[in-house]
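Below is one structure, written out as structure tokens; comments come after it.
Values below: all heavy atoms of this structure, side chains included; hydrogens, waters and symmetry mates excluded. Chain A is the first sequence line, chain B the second, and so forth, proteins listed ahead of strands; every chain is numbered from 1.
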There are 2 protein chains.
Amino acid sequence: MSLPHPIADQISLPNVLAVLGDQTRLAIVGYLARHEGVAMSCRQFLEFGSKTNLSYHLAKLREAGITRTEVSGTSRLISLRRDDLDRRFPGLLDSIIKAAHDIPLLERLK
Amino acid sequence: MSLPHPIADQISLPNVLAVLGDQTRLAIVGYLARHEGVAMSCRQFLEFGSKTNLSYHLAKLREAGITRTEVSGTSRLISLRRDDLDRRFPGLLDSIIKAAHDIPLLERLK
DNA sequence: TCAATAGTTCAACAGATTTTGAACTAAGGA
DNA sequence: TCCTTAGTTCAAAATCTGTTGAACTATTGA
């Protein structure tokens with residue numbers, strides 16, 4: 001049982017930018033970047049919004065090809081698709097993550 | 001007589017990403033990047049939409065701090081705020097421009 | 001002065017996005 | 001089995017965006 005993800009070639013630049021042009025989703029990506037290698041479940045992000053709302057934002061990130069979501073029991077393990085993004089749009093993710101360092105929502109989880 | 005621009009510190013990452021998360025505006029930025037140093041007036045972009053619509057998109061770009069618009073007679077001279085963007089978000093603009101190389105709307109003007 | 005050119009503003013509309021709560025599914029532990 | 005935990009789905013509401021045409025301003029050239 002696994003959720004639908006776009007393949008690397010289907011990841012679209014305008015869509016990636018539009019999806020990251022949102023405080024909440026940018027904060028999620030910033031958080032994932034700071035904890036790369038550690039599997040994250042949705043509840044890590046409850047600080048950023050309601051359960052329902054997070055479900056919505058996490059789906060947007062997955063559908064845009066920015067994150068990968070693996071099902072593990074009742075949890076989802078969420079990670080950045082860094083390899084695919086780096087291959088498709090070199091330097092983009094890094095520059096965004098660096099620039100997102102001090103966004104307000106992310107400060108909350110420091 | 002000059003139009004309102006945000007100062008460099010006011011340029012916000014989420015807003016820049018949201019504004020660039022649109023085909024038309026991404027195409028405008030791609031076009032500006034290919035012709036850096038040459039002053040562009042709005043009518044260069046008529047291929048991308050109606051006069052009214054371009055006015056809307058160009059205002060979004062200016063208000064987000066992505067472009068600078070100078071008034072020159074009845075024309076506007078539009079340029080990328082590359083220096084400010086590079087200082088604020090190093091590497092971001094370059095990676096976006098590189099990645100935007102093959103977006104559909106831009107192909108039209110080649 | 002008059003007409004043409006370059007672009008803006010406005011109000012309206014259609015459609016997309018975000019947010020919410022209630023009801024739901026599915027797995028895991030007692 | 002029953003309860004809890006983790007997250008999804010759905011429909012509704014509120015808001016935001018993009019697009020349009022008509023009317024407008026301001027500059028330029030004849």
Side-chain angles (χ1 to χ4, degrees), chain A residues 1-5 12-29 31-32 38-79 103-105 108, chain B residues 1-5 12 14-29 31-32 38-64 66-79 103-105 108:
Chain A
M1 185 130 329
S2 115
L3 298 163
H5 292 78
S12 119
L13 179 64
N15 194 232
V16 165
L17 297 177
V19 165
L20 291 180
D22 172 278
Q23 288 274 146
T24 305
R25 294 187 293 252
L26 203 48
I28 291 170
V29 166
Y31 189 84
L32 287 171
V38 186
M40 287 290 138
S41 65
C42 304
R43 71 176 177 293
Q44 316 281 339
F45 305 111
L46 281 174
E47 188 74 21
F48 297 156
S50 68
K51 212 165 59 146
T52 313
N53 195 215
L54 280 175
S55 195
Y56 168 75
H57 286 303
L58 289 168
K60 283 253 161 186
L61 286 166
R62 174 175 48 75
E63 286 159 11
I66 297 165
T67 57
R68 192 174 294 286
T69 303
E70 295 163 80
V71 175
S72 162
T74 61
S75 299
R76 309 287 182 267
L77 299 180
I78 298 150
S79 52
I103 76 161
L105 266 181
R108 286 206 213 160
Chain B
M1 186 130 330
S2 116
L3 299 161
H5 292 78
S12 119
N15 193 231
V16 165
L17 297 177
V19 165
L20 292 180
D22 171 279
Q23 289 275 149
T24 305
R25 294 187 294 250
L26 204 46
I28 291 171
V29 167
Y31 189 83
L32 287 173
V38 187
M40 287 291 139
S41 64
C42 304
R43 72 176 176 293
Q44 315 280 340
F45 305 111
L46 281 173
E47 187 74 20
F48 297 156
S50 68
K51 213 166 58 147
T52 313
N53 195 213
L54 281 176
S55 195
Y56 168 75
H57 286 304
L58 289 169
K60 283 250 161 188
L61 286 166
R62 174 175 48 78
E63 287 160 10
I66 297 165
T67 57
R68 191 174 296 285
T69 302
E70 295 164 78
V71 175
S72 161
T74 61
S75 299
R76 309 288 182 265
L77 298 181
I78 299 150
S79 52
I103 77 160
L105 265 182
R108 286 204 214 163

Item to check | Sequence-distant partners of B:T24, side-chain contact (heavy atoms from CB on, under 4.5 Å), two or more places apart | outcome: B:D22, B:I28, B:F48, B:H57, B:L105
Item to check | Counterpart residues, side-chain contact (heavy atoms from CB on, under 4.5 Å), relative to A:A64 (two or more places apart) | outcome: A:N15, A:V19, A:I66
Next on the checklist: Run the salt bridge (Lys or Arg N to Asp or Glu O under 4.0 Å) test against A:R68 and tell me which residues pass, sequence neighbours left out.
Outcome noted: A:D84
Item to check | Those residues that, when tested against B:S41, pass side-chain hydrogen bond (donor to acceptor under 3.5 Å, both in side chains) (two or more places apart) | outcome: B:R43
Item to check | Test side-chain contact (heavy atoms from CB on, under 4.5 Å) applied to B:L61 and B:L20, B:I78, B:T69, B:V16, the passing residue | outcome: B:L20
Checklist entry - For B:A59, what residues pass the side-chain contact (heavy atoms from CB on, under 4.5 Å) criterion, not counting sequence neighbours? => result B:R62, B:E63
Next on the checklist: Expressed as a whole number of angstroms, how long is the span from A:N15:CG to C:dT17:P?
Outcome noted: 9 Å
Item to check | Whole angstrom value for the distance that separates P of C:dT19 from CD of A:Q23 | outcome: 10 Å
Checklist entry - For A:L54 and C:dT19, what is the distance between atoms CG and P respectively, to the nearest whole Å? => result 10 Å
When you compare the protein's N or O atoms with those of nucleotides 5-7 of chain D, which come within less than 3.5 Å of each other, and at what distance?
| residue | atom | partner | partner atom | Å |
| --- | --- | --- | --- | --- |
| D:dA6 | O4' | A:T74 | OG1 | 3.3 |
| D:dG7 | OP1 | A:C42 | N | 2.9 |
| D:dG7 | OP2 | A:R43 | N | 3.3 |
| D:dG7 | N7 | A:K51 | NZ | 2.3 |
| D:dG7 | O6 | A:K51 | NZ | 3.1 |

Item to check | Distance in angstrom units between B:E70 CD and C:dG7 P, rounded | outcome: 14 Å
Checklist entry - What's the verdict on side chain to side chain contact (heavy atoms under 4.5 Å, CB included) for B:L3 and B:R76, showing C-alpha distance, side-chain angles and the deciding distance? => result CA-CA 10 Å; B:L3 299 161; B:R76 309 288 182 265; 4.1 Å; yes
Checklist outcome for this item: Each nucleotide of nucleotides 13-20 of chain D classed B (base within 4.0 Å of a protein heavy atom), S (only sugar-phosphate) or -, in 5' to 3' order, makes ----SBBB
Checklist entry - Taking only residues two or more places apart in sequence, or in another chain, which ones meet A:S50 in a side-chain contact (heavy atoms from CB on, under 4.5 Å)? => result A:T52, A:N53
Item to check | B:L46 CG - C:dT8 P separation (whole Å) | outcome: 11 Å
